[in-house]
Amino acid sequence: MLREYLPHIMQDTDEPFALSAIGTQVFTQTGMSHSFRRIVEVPEGSQVIEYQMFWVYDIQHLYDLEHIWVTVKDGQVTTVEASFHGRFLNASRLATKHKDGRYILYCQPGKHAFLSEGRLFQLLPDPDGCCSSQAGEAGLLVMDLFSDQLETDSMRDAKVKCYIREHFSFQPSWTWKEMDTSQVPLLSWDVLGKHIVESVKRELKIIEG
């Protein structure tokens with residue numbers, strides 16, 4: 001049931017990373033997100049579904065977690081909000097609705113933030129350079145959520161940077177295709193949190209030899 005409200009997600013045709021898993025948190029009343037610094041407001045008579053979108057890699061660092069919030073009332077999608085590098089935006093103000101009632105979102109090449117139109121990413125300072133000359137710059141990004149389970153230092157960051165730059169640097173095409181999310185595992189947040197840590201540790205073994 002939760003999958004049927006997930007927006008249609010458009011990604012760059014040359015996107016190098018596949019979505020690894022989707023976590024979920026359902027709000028029937030206003031409350032704090034488990035994985036994002038925000039209080040999720042639930043309108044009367046509605047519910048809000050939070051989708052936690054996990055990629056093992058961002059083009060500039062190891063592992064990436066972005067979010068989508070879909071408000072549903074009487075079985076119909078009313079609004080969609082989405083994360084943009086630590087912030088969240090009301091994408092439904094500009095986003096197009098598919099004929100099935102779900103919104104269409106665009107995913108930033110390599111970086112995975114969401115906007116309502118793909119051309120809006122061109123407003124960023126260097127939307128191409130972050131995928132090529134700046135690839136891997138952040139090394140292993142340790143979010144507060146996982147600071148008790150993951151750690152890094154300058155040497156580890158340097159190895160991650162070199163690995164990402166060597167294996168994944170690319171030039172976005174700025175043409176779009178729909179991401180196939182039909183087979184991506186849908187998990188509870190507790191299960192996704194463990195999956196993230198295990199995935200990062202597995203990749204570090206490969207990167208560090």
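Just so you know, residue 1 is the first one in the sequence shown, and it goes up from there.
Between the Tyr63 side chain and the Leu141 main chain, a donor and an acceptor come within less than 3.5 Å of each other. Between the side chain of Gln52 and the backbone N or O of Thr24, at least one donor-acceptor pair lies under 3.5 Å. Judged purely by atom type and a 3.5 angstrom limit, Lys97 uses its side chain to pair as donor or acceptor with the backbone of Val77. Listed for the Asp12 side chain is a donor-acceptor partner under 3.5 Å among the backbone atoms of Ser173. Between the side chain of Arg119 and the backbone N or O of Trp174 there is no donor-acceptor pair closer than 3.5 Å. Counting only distance, with no hydrogens or angles, the side chain of Ser92 and the backbone of Thr79 share no donor-acceptor pair below 3.5 Å. Between the side chain of Glu15 and the backbone N or O of Gly110, at least one donor-acceptor pair lies under 3.5 Å. In this structure a side-chain-to-backbone donor-acceptor pair under 3.5 Å is present from Arg165 to Ala135. Checking side-chain atoms of Gln25 against main-chain N and O of Tyr51 turns up no donor-acceptor pair under 3.5 Å. For Arg102 (side chain) and Tyr5 (main-chain N/O), no donor-acceptor pair under 3.5 Å exists by modelled atom type.
Among Cys107, Ser199, Ser20, the single residue meeting the side-chain contact (heavy atoms from CB on, under 4.5 Å) criterion with Trp55 is Cys107.
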- Message: Show, in sequence, the C-alpha distance, side-chain angles and deciding distance for His195 and Phe54, and conclude whether the ring pair (Phe, Tyr, Trp, His ring centres under 6.0 Å) test is met.
- Response: CA-CA 9 Å; His195 173 67; Phe54 168 60; 5.5 Å; yes

- Message: Set out, in order, the CA-CA distance, both residues' side-chain angles and the distance that settles side chain to side chain contact (heavy atoms under 4.5 Å, CB included) for Ile39 and Glu41, then state yes or no.
- Response: CA-CA 6 Å; Ile39 296 173; Glu41 301 283 346; 4.2 Å; yes

- Task: Would you check, one step at a time, whether the test ring pair (Phe, Tyr, Trp, His ring centres under 6.0 Å) holds for Trp69 with Phe36?
- Result: CA-CA 11 Å; Trp69 296 269; Phe36 193 93; 5.0 Å; yes

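Side chains of Leu2 and Val26 form a contact here, defined as non-hydrogen atoms less than 4.5 Å apart. Considering only heavy atoms from C-beta on, Leu140 comes within 4.5 Å of Val142 through its side chain. Side-chain contact between Val70 and Val48 is absent, with no heavy-atom pair separated by less than 4.5 Å. You'll find the side chain of Lys73 stays beyond 4.5 Å of the side chain of Pro43, heavy atoms only. Taking 4.5 Å as the limit, every side-chain heavy atom of Thr71 sits out of range of all side-chain heavy atoms of Val42. Between Pro109 and Phe170 there is a side-chain heavy-atom pair separated by less than 4.5 Å. Residues Val56 and Val200 have side chains not in contact (no heavy-atom distance under 4.5 Å, counting atoms from C-beta outward). Put simply, the side chain of Gln108 reaches to within 4.5 Å of the side chain of His85, judged on heavy atoms.
Closest heavy-atom contact between Ala113 and Phe121: O-CZ, 3.5 Å. In terms of heavy-atom proximity, Ala21 sits nearest to Leu187 at CB-CD1, 3.9 Å. What you find for Phe146 and Gly193 is that their closest heavy atoms are CE2-O, 3.8 Å. In terms of heavy atoms, Lys161 sits closest to Gly136 at CB-O, 3.2 Å.
Residue Leu192 is grouped with residue Leu145 when hydrophobic side chains (ILVMFWY) are merged at heavy-atom distances under 4.5 angstrom, including chains of intermediate members. Both Met53 and Val72 are assigned to one and the same hydrophobic cluster, defined by single-linkage of ILVMFWY side chains at heavy-atom distances under 4.5 Å. Under the 4.5 Å side-chain heavy-atom criterion for grouping Ile, Leu, Val, Met, Phe, Trp and Tyr, Leu65 is not connected to Leu89 through any hydrophobic cluster. Hydrophobic cluster membership differs between Tyr106 and Leu19, with clusters built from Ile, Leu, Val, Met, Phe, Trp and Tyr side chains linked at under 4.5 angstrom. Follow the hydrophobic side-chain contacts under 4.5 Å out from Phe27 and you never reach Ile68; the two are in separate clusters.
The neighbour count for Gln29 CD, taken as heavy atoms of other residues, nucleotides or ligands under 6.0 Å away, does not exceed 12.
For the atom pair CD1 of Ile207 and CG of Leu62, the computed distance is 5.0 Å after rounding to the nearest 0.5 Å. To the nearest 0.5 Å, atoms CE (Met10) and CG (Leu115) are separated by 14.0 Å. We find the CD-CD1 distance between Gln134 and Ile164 to be 13.0 Å, quoted to the nearest 0.5 Å. In this structure, the separation between CD1 on Ile22 and NE2 on His67 is 12.0 Å, given to the nearest 0.5 Å. The line from CG of Asp126 to OG of Ser132 is 7.0 Å long, rounded to the nearest 0.5 Å. Interatomic distance, CG of Asp58 versus CD of Glu137, reported as 11.5 Å (0.5 Å rounding).
Ionic pairing of Glu208 and Arg156 is present here: one or more N-O contacts between side-chain nitrogen and carboxylate oxygen are shorter than 4.0 angstrom. Under the 4.0 Å criterion applied to side-chain N and carboxylate O atoms, Glu81 and Arg38 are assigned as salt-bridge partners. Using a 4.0 Å cut-off between charged nitrogen and carboxylate oxygen, Arg37 and Asp144 count as a salt-bridge pair.
For the 3.5 Å distance criterion, the side chains of Asp14 and Gln171 fail to qualify, holding no donor opposite an acceptor. Between the side chains of Asp180 and Ser182, at least one donor N or O lies within less than 3.5 Å of an accepting N or O. Asp190 and His34 share no donor-acceptor pair across their side chains, judged by distance under 3.5 Å alone. Ser83 and Glu66 form a side-chain donor-acceptor contact under 3.5 Å, judged by distance and modelled atom types alone.
Aromatic ring pairs are classed by plane angle as parallel below 30°, tilted from 30° to 60° and perpendicular above 60°; the pair His112 and Phe17 is perpendicular. Between Tyr57 and Phe168, the angle of the ring planes lies from 30° to 60°, which puts this pair in the tilted group.
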